[in-house]
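Heavy atoms only: backbone and side chains are in, while hydrogens, waters and symmetry mates are out. When a ligand or atom number is given, it counts from 1 through the structure's own listing order. Each residue takes its place number in the sequence, starting with 1.
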Amino acid sequence: MRLDPKLAFRIDSDSLPMQELAAICDCGGRLAGSDSERRAVELVARLGEKASDIAPRREPVPYRGWKTIHAALRLADGTPCDCYPLLFSSPAPRGGLTAEVVDLGRGAPEDFDRHKADLPGRIALVRHELMFASRTIHRSRKYRMAVDAGAAGFLIAGPLPGAVVAGSSGRTGPDGIPALGISPETAARLAATNGKRTTVNIELDTAEAPVEAHNLVFDLPGKEAEWVVLCAHIDGHEVSESAIDNASGVAAVLAAMRCLAPEFCHFRRGLRVIFFNVEEWALTGSAHYVAGLSEAEREKIALVINLDSVAGSPHLTALTSGFTALGPFLQGVAANNGTSLAIHLPLMQNSDHANFAAAGIPAFRLVAGFDEPEAELRHLLTPADSRDKVRPDELHKAARLAAAIATTAANASPDEAQAWRNRD
Ligand SMILES: [Zn+2]
């Protein structure tokens with residue numbers, strides 16, 4: 001279905017998305033549990049209420065909080081190097097961890113295999129990869145391989161000259177090792193010279209305690225008790241202002257919401273807008289939300305549209321989580337609205353849509369710059385994920401496409417909506 005030209009015009013002439021993006025970035029990097037994240041949740045609650053005239057429900061997300069108390073990385077001669085602890089990293093032993101570094105290059109399974117005998121008691125060094133590519137090996141998998149190989153520590157080198165890289169270790173249980181993001185220059189200094197491994201010292205003191213964050217839910221009811229969910233995550237990392245990931249998604253969802261709020265009462269299904277929290281910590285906010293849905297409530301969700309990192313490239317891709325009918329449906333909507341959309345079918349567990357998909361609910365992620373190594377999205381999780389990488393037309397485009405998909409899905413026949421639930 002073509003988005004009503006009146007609605008498309010409403011989005012294209014909306015000057016708020018860049019202002020709202022800046023206001024979200026002004027809160028800071030929005031690491032879950034920080035003051036910056038709490039300020040951002042209050043801001044988005046206000047902006048969402050202004051956009052829709054509806055007060056949000058604040059749904060608590062209890063989770064195991066984690067923070068760094070002290071972190072340092074030093075070469076054998078005492079020279080300090082910049083580092084950034086990965087979320088949920090284990091602490092280093094008292095007095096620090098001193099060990100040799102084993103450079104695994106990329107850190108693919110075959111690299112770990114080749115160095116199996118070298119790793120016990122030593123520190124694994126791997127490289128961060130572009131996250132939005134079909135062949136990416138995720139950081140948390142590399143971390144897990146290092147733990148399983150008996151490594152005593154884990155270092156991951158970022159892509160951006162002079163900058164460390166952030167991310168989550170993916171650790172969920174008590175077993176783990178200290179893990180730091182470092183710059184490519186530090187990685188170059190740590191590579192073996194003349195076959196001789198370098199030695200480093202890692203100091204890392206952390207604290208863990210149960211804490212609570214909040215998801216924000218805005219319900220715009222339709223005629224029937226069924227929903228199209230439109231969502232984006234608020235939280236980020238402290239190394240940057242987390243502009244592309246994911247102030248861009250939040251700003252585009254707010255724009256779509258502002259445009260659609262007066263319309264949904266006329267549609268078959270309603271629009272449920274959710275701003276998730278604690279996404280950067282193993283998708284915790286959405287996992288909690290989906291776990292709280294009864295089987296009947298899951299059946300009532302026709303489609304989940306997750307906007308995560310929708311700027312930094314003019315090209316958008318839908319990651320359709322193995323739901324085969326979604327690709328043709330979404331490409332049809334895009335074509336009817338004069339734009340193109342690439343489809344990547346396999347389930348990618350890299351944002352909140354994955355928790356819905358795992359529960360059998362048709363869900364996809366809209367992302368910019370997929371399989372585009374030169375796109376600005378290469379700066380994600382580094383200090384360069386800043387507002388200057390986001391263009392207003394990219395926010396408008398994502399909001400327009402999300403609005404077109406949401407309205408088409410809201411009016412789709414029960415048979416068509418049922419077909420979206422099929423997987424191979
Ligand atoms: Zn994200």
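In this structure, Arg189 places its CZ atom where only 12 or fewer heavy-atom neighbours from other residues, nucleotides or ligands lie under 6.0 Å away.
Between the CD atom in Glu263 and the OG1 atom in Thr407 there is a gap of 9.0 Å [rounded to 0.5 Å].
Cation-pi geometry between Arg269 and Trp227 is not met: the NZ or CZ atom fails to fall both under 6.0 Å from the ring centre and inside 45° of the normal.
Using a 3.5 Å distance cut-off with no hydrogens or angles, the side chains of Thr136 and Glu129 do not pair a donor with an acceptor. One side chain, Asn306 or Ser351, offers a donor N or O that lies under 3.5 Å from an acceptor on the other.
For the side chain to side chain donor-acceptor pair (under 3.5 Å) criterion with His233, the lone passing option out of Asp245, Asp352, Asn277 is Asp245.
The number of protein N, O or S atoms lying under 2.8 Å from the Zn ion (ligand 1) is 4.
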